[in-house]
Amino acid sequence: MANRELPTGRRIAPSILAADYARLGDALGEVLDAGARVLHVDVMDGHFVPPITIGPLIVAAIRELADSAGAVLDVHLMVERPERQIADFARAGADVITVHCEATAHVHRVIESIREAGALAGVALNPGTPVEALAEVAADVDLALCMSVNPGWGGQTFIPFSLDKIARLRTLLPYETPLEVDGGVDPRTVVACAEAGAKLFVAGSAVFGTADPAAAYRELAELAGAG
Ligand code: DX5
Ligand code: ZN
């Protein structure tokens, strides 16, 4: 079940997608030691997006490590009909479960079932989805996620119009609801994302794709004015 609330300030959320899975615990330990308190977990089903990545087993496997640092597991479901997966991910220890509004016909109901399962509920938008898709549920979500690349792969280039979307999403959301940006976040793009109104910055290759993930984490956090 969910354990923690999201941190209130700006935060870099290292995405484990880019980590070395043969030594996942050590890789996560490095960024947790460097101060990371949100770990982003990318779940892909081979349908909503072509790749298949990880499932609840990995969430359960890293739960204790996250707990030892007081970190939140931020699970991003890039899966069709996410309603079928929520109970398993909540049971595995997801604190936040984010679903794509493009992946379900029943986003309002899914938000409720995430909460009933004991997790915080996030809704994500693909680059091609207008921010208005979130309008009716904006007051109900615990987090909104603006994709700044088309989901499916790490290491893609940040789509510039995402900055305008972040700013417009920000005005749609209640003041206290955090806005997360995901895709192509690196030292060149993170500042503009923060200025546009994002508070959580997912970074995969810009952290784990470097020789020194802890140093890369600290640099991004510093640039974003994050903890
Ligand atoms: C992409 C995933 C991202 C990915 C980001 O579909 O949702 O979270 O890990 O990777 P980078 O930071 O390398 O763009
Ligand atoms: Zn993601």
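Keep in mind that what you see is a predicted model, and the values were worked out from it rather than measured. One-based numbering, in listed order, for ligands and for the atoms of each.
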To the nearest 0.5 Å, what is the distance between CD on Q85 and CD1 on I114?
12.0 Å
Decide whether H76 and D74 meet the rule of one side-chain donor and one side-chain acceptor closer than 3.5 Å.
no
Can E83 and T104 be counted as having a side-chain donor-acceptor contact under 3.5 angstrom?
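Distance-only check passes for E83 and T104.
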Step by step, work out the side chain to side chain contact (heavy atoms under 4.5 Å, CB included) result for S162 and V181.
CA-CA 9 Å; S162 310; V181 57; 5.6 Å; no
Would you mind writing out a table of all protein N or O atoms found under 3.5 Å from any N or O atom of ligand 1, naming both atoms and giving the distance to 0.1 Å?
from     : atom 1 : to   : atom 2 : distance (Å)
ligand 1 : 6 (O)  : G152 : N      : 2.8
ligand 1 : 7 (O)  : D42  : OD1    : 3.0
ligand 1 : 7 (O)  : H76  : ND1    : 3.3
ligand 1 : 7 (O)  : D182 : OD2    : 2.9
ligand 1 : 8 (O)  : H40  : NE2    : 3.4
ligand 1 : 8 (O)  : D42  : OD1    : 3.0
ligand 1 : 8 (O)  : D42  : OD2    : 2.7
ligand 1 : 8 (O)  : D182 : OD1    : 2.7
ligand 1 : 8 (O)  : D182 : OD2    : 3.0
ligand 1 : 9 (O)  : S15  : OG     : 2.9
ligand 1 : 9 (O)  : D42  : OD2    : 2.8
ligand 1 : 12 (O) : G204 : N      : 2.7
ligand 1 : 13 (O) : G155 : N      : 2.8
ligand 1 : 13 (O) : S205 : N      : 3.0
ligand 1 : 13 (O) : S205 : OG     : 2.5
ligand 1 : 14 (O) : G184 : N      : 2.8

Can you list everything that forms a salt bridge (charged side-chain N to carboxylate O under 4.0 Å, His left out) with R115? Sequence neighbours excluded, please.
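Only D142 meet the salt bridge (charged side-chain N to carboxylate O under 4.0 Å, His left out) criterion with R115.
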Taking 2.8 Å as the upper limit, name the protein N, O or S atoms near the Zn ion (ligand 2).
H40 NE2, D42 OD1, H76 ND1, D182 OD2
Just jot down the side chain to side chain contact (heavy atoms under 4.5 Å, CB included) partners of F161, sequence neighbours excluded, or say none.
P127, I159, K165
Closest non-hydrogen contact found for L143 with L200 is CD1-CD1, 3.5 Å
Which heavy-atom pair separates M78 from P151 by the least distance, and what is that distance?
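Nearest heavy atoms, M78 then P151: SD-CB, 3.6 Å.
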Same apolar cluster: V75 and W153, side chain cutoff 4.5 Å:
no
